[in-house]
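Side chains are part of it too, since the values below use all heavy atoms of this structure and drop only hydrogens, waters and symmetry mates. Quick caveat, the model's predicted, so the values are computed rather than measured.
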Amino acid sequence: MEQQRYTLKDINFVAEANYTDINSKIVGFQIENNMVLSMDIADRLSVIINKMLADYYAETCKRLEPSDFHVTMSIEMNTSTNKVIINTYIFDSADMILHTEIDVETLRDYGRMKKCFFDMLACITLDRIRELQKAAGLKSGYVI
């Protein structure tokens with residue numbers, strides 16, 4: 001027997017409401033259940049999660065179902081080093097916490113992952129600006 005493999009659609013992501021970390025050192029966002037990702041990026045993120053689950057199974061012989069755990073995954077750039085990393089935590093309601101941090105340059109398709117990071121960050125930032133414009137009563141359809 002081995003750990004079953006899952007796709008991102010099977011995974012229950014837990015993300016802080018309105019999390020977008022934009023400050024002087026770290027810029028990033030968390031993966032959420034309703035995010036639209038290209039198939040290859042979703043597959044890459046699934047591989048990371050499934051490897052963590054397989055490693056956990058190899059150590060404990062405990063097979064986890066999607067209802068047994070939650071995942072918090074963020075893609076972040078350290079502006080001091082210009083490295084884009086994927087932070088992944090898998091946890092349950094007890095005390096299991098698995099963590100991995102992957103520098104995207106170690107992935108064979110790191111260029112696509114970096115492009116995904118910047119495209120998603122731009123979309124999130126523009127959505128936030130639109131929300132602020134709406135809250136301020138601006139009727140402009142343009143984002144500055």
Side-chain angles (χ1 to χ4, degrees), residues 1-136 141-144:
M1 185 185 265
E2 62 183 40
Q3 173 63 47
Q4 184 174 340
R5 303 181 128 229
Y6 304 110
T7 65
L8 287 189
K9 292 177 184 176
D10 302 320
I11 304 298
N12 182 20
F13 284 95
V14 176
E16 295 177 30
N18 299 319
Y19 172 88
T20 302
D21 189 0
I22 299 177
N23 60 41
S24 61
K25 186 167 177 165
I26 301 293
V27 177
F29 56 89
Q30 290 182 325
I31 302 299
E32 299 178 20
N33 287 326
N34 61 351
M35 257 184 189
V36 177
L37 299 169
S38 66
M39 187 75 100
D40 60 328
I41 298 298
D43 287 345
R44 170 58 64 193
L45 298 179
S46 296
V47 165
I48 293 168
I49 293 167
N50 285 312
K51 181 175 181 339
M52 292 173 69
L53 293 171
D55 290 349
Y56 179 75
Y57 177 81
E59 291 175 19
T60 65
C61 292
K62 183 177 178 186
R63 185 175 174 191
L64 297 173
E65 299 294 328
S67 60
D68 297 332
F69 63 91
H70 300 286
V71 174
T72 297
M73 182 178 264
S74 62
I75 304 177
E76 303 166 343
M77 180 179 197
N78 182 321
T79 59
S80 298
T81 63
N82 293 325
K83 295 220 178 255
V84 177
I85 58 170
I86 301 169
N87 267 308
T88 307
Y89 292 88
I90 299 175
F91 57 95
D92 64 8
S93 58
D95 60 355
M96 179 196 70
I97 299 176
L98 308 175
H99 173 251
T100 189
E101 181 177 295
I102 298 173
D103 179 343
V104 299
E105 289 191 17
T106 64
L107 304 175
R108 65 177 163 74
D109 53 354
Y110 71 91
R112 289 196 42 78
M113 186 62 76
K114 280 185 176 180
K115 181 175 179 352
C116 170
F117 168 77
F118 285 106
D119 289 350
M120 189 64 69
L121 188 63
C123 288
I124 291 168
T125 303
L126 290 175
D127 282 346
R128 294 291 194 285
I129 291 170
R130 282 187 199 101
E131 290 171 9
L132 291 170
Q133 286 177 327
K134 185 177 178 181
Y142 300 102
V143 175
I144 299 171

For E105, check salt bridge (charged side-chain N to carboxylate O under 4.0 Å, His left out) against everything at least two apart and list the hits. K114

Under 3.5 Å: donor-acceptor pair, side chain of S74, backbone of E76: no

Where the side chain of D92 meets the backbone of D68, is there a donor-acceptor pair that is under 3.5 Å apart? no

Are the side chains of Y6 and E65 in contact, using a 4.5 Å heavy-atom criterion? yes

Measure the CD1-CZ distance between I75 and F29 for me, rounded to the nearest 0.5 Å. 4.5 Å

Nearest heavy-atom contact between N50 and R5 is OD1-CA, 3.3 Å

Ionic contact status for D40 with R44, cut-off 4.0 Å: no

Quick one: closest heavy-atom pair of M73 and F13, and the distance? CB-CE2, 3.9 Å

Once rounded to the nearest 0.5 Å, what's the spacing between atom CZ of F91 and atom NE2 of H99? 12.5 Å

Minimum-distance pair of heavy atoms, taken over all atoms of I86 and I48: CD1-CD1, 3.8 Å

CA sep, side-chain torsions, deciding dist, call: F117, V104, side-chain contact (heavy atoms from CB on, under 4.5 Å): CA-CA 10 Å; F117 168 77; V104 299; over 6 Å; no

Working to the nearest 0.5 angstrom, can you tell me the gap between I41 CD1 and L8 CG? 10.5 Å

Side-chain contact, heavy-atom cut-off 4.5 Å: L64 with Y57? no

Note, L53 side chain near F69 side chain (heavy atom, < 4.5 Å): yes

Is there a side-chain contact between N78 and I85, using heavy atoms and a 4.5 Å cut-off? no

Counting only heavy atoms not in R63 (residues, nucleotides, ligands), do more than 12 fall under 6.0 Å from its CZ? yes

How far apart are the C-alpha atoms of R112 and L107, what are their side-chain angles, what is the distance that settles it, and do they pass the side-chain contact (heavy atoms from CB on, under 4.5 Å) test? CA-CA 10 Å; R112 289 196 42 78; L107 304 175; over 6 Å; no

For D119, check side chain to side chain donor-acceptor pair (under 3.5 Å) against everything at least two apart and list the hits. K115

I need the T100 OG1 to D55 CG distance, nearest 0.5 Å. 8.5 Å

Gap separating the CG atom of D10 from the OG atom of S67, nearest 0.5 angstrom: 11.0 Å

Drop me the distance from Y56's OH to C61's SG, to the nearest 0.5 angstrom. 10.5 Å

Mark yes when over 12 heavy atoms from residues, nucleotides or ligands other than N34 sit less than 6.0 Å from its CG; otherwise mark no. yes

